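Values reported hereafter were calculated over all heavy atoms of this structure, with side chains retained and with hydrogens, waters and symmetry mates removed. Note that the coordinates shown come from a computational prediction; the quantities given were computed from them, not determined experimentally.
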Amino acid sequence: QVQLVESGGGLVQPGGSLRLSCAASGSIASINDVVWYRQSPGKERELVARIDSSGGTHYADSVRGRFTISRDNAKNTVYLQMNSLKPEDTAVYHCNANVVESTWGHVLNYWGKGTLVTVSS
């Protein structure tokens, strides 16, 4: 079994910064792609950023140049550095990961429960 836990959310003023973490624990052999999504009330879930196992990244147009996704494979953790935050960045941020489990080598998909980011003055 694998668990993903997000942390780092909170209340920040426009123009401020936050760093989100997505920590994976459990029976992990390796982690493939990890994606940060966000969802706010009344809106569809949006892909924010993705990082593959080699460190290749992809960003939504709405966050490119402001957000940076990175990973620490030794810690099984992926980060989302968010700078120049805007009120429209307010959402619950979830991480999603394809994990190679150490028991049988299966690749399974997991979600975290999310962390709330509120950008407001």
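S62 and E46 are linked by a side-chain donor-acceptor pair at a separation below 3.5 angstrom, with hydrogens and angles left out of the test. Judged by distance alone, the side chains of S17 and N83 do bring a donor and an acceptor atom under 3.5 Å apart.
N96 contributes a side-chain N or O that, together with a main-chain N or O of Y110, makes up a donor-acceptor pair within less than 3.5 Å. The backbone N or O of S27 lies less than 3.5 Å from no partner atom in the side chain of Q1, so there is not a single donor-acceptor pair. Of the possible polar contacts, none joining the E101 side chain to the L108 backbone as a donor-acceptor pair under 3.5 Å is found.
Scanning both residues, S53 and I31, for their nearest heavy atoms gives CB-O, 4.1 Å. In terms of heavy atoms, D52 sits closest to R71 at O-NH1, 2.8 Å. Between L47 and A60, the shortest heavy-atom contact is O-CB, 3.3 Å. The two atoms that bring R38 and A91 nearest to each other are CB-CB, 3.7 Å, heavy atoms only. Of all heavy-atom pairs spanning S40 and T90, the tightest one is CB-O, 3.4 Å. Among all heavy-atom pairs drawn from P14 and S120, the shortest one is CD-C, 3.6 Å.
The aromatic rings of W111 and H94 sit perpendicular, their planes meeting at an angle over 60°, well past the 30° parallel limit.
The NZ atom of K113 lies 13.0 Å from the OG1 atom of T115; values are rounded to the nearest 0.5 Å. Rounding to the nearest 0.5 Å gives a distance of 12.5 Å between CG of L4 and OG of S21. Atom CG of L18 is separated from atom CD of Q81 by 8.5 Å, given to the nearest 0.5 angstrom. Atoms OG and CZ, on S7 and R19 in that order, are 9.0 Å from each other to the nearest 0.5 Å. The distance from the CG atom of N98 to the CG atom of N109 is 5.0 Å, given to the nearest 0.5 Å. From F67, atom CZ reaches atom CG of L20 across 8.0 Å, with rounding to the nearest 0.5 Å.
In this structure, the side chains of Q39 and V92 stay at 4.5 Å or more apart for every pair of heavy atoms. Between V119 and V12, some side-chain heavy-atom pair lies under the 4.5 Å cut-off. When side chains are defined from C-beta on, D33 counts as touching R50, because their heavy atoms get closer than 4.5 Å.
I51 and V2 fall within a single hydrophobic cluster, where Ile, Leu, Val, Met, Phe, Trp and Tyr side chains are chained together by heavy-atom contacts under 4.5 Å. By the criterion of side-chain heavy atoms lying less than 4.5 angstrom apart, applied directly or through intervening Ile, Leu, Val, Met, Phe, Trp or Tyr residues, V117 is grouped together with W36 in one hydrophobic cluster. Both V48 and L85 belong to a single network of hydrophobic side chains, linked directly or stepwise wherever heavy atoms of I, L, V, M, F, W or Y lie under 4.5 Å apart. Side-chain heavy atoms closer than 4.5 Å link hydrophobic residues (I, L, V, M, F, W, Y) into clusters, and following such links, even through other members, never connects Y93 to V5.
With salt bridges taken as basic N to acidic carboxylate O contacts below 4.0 Å, one links D61 and R64.
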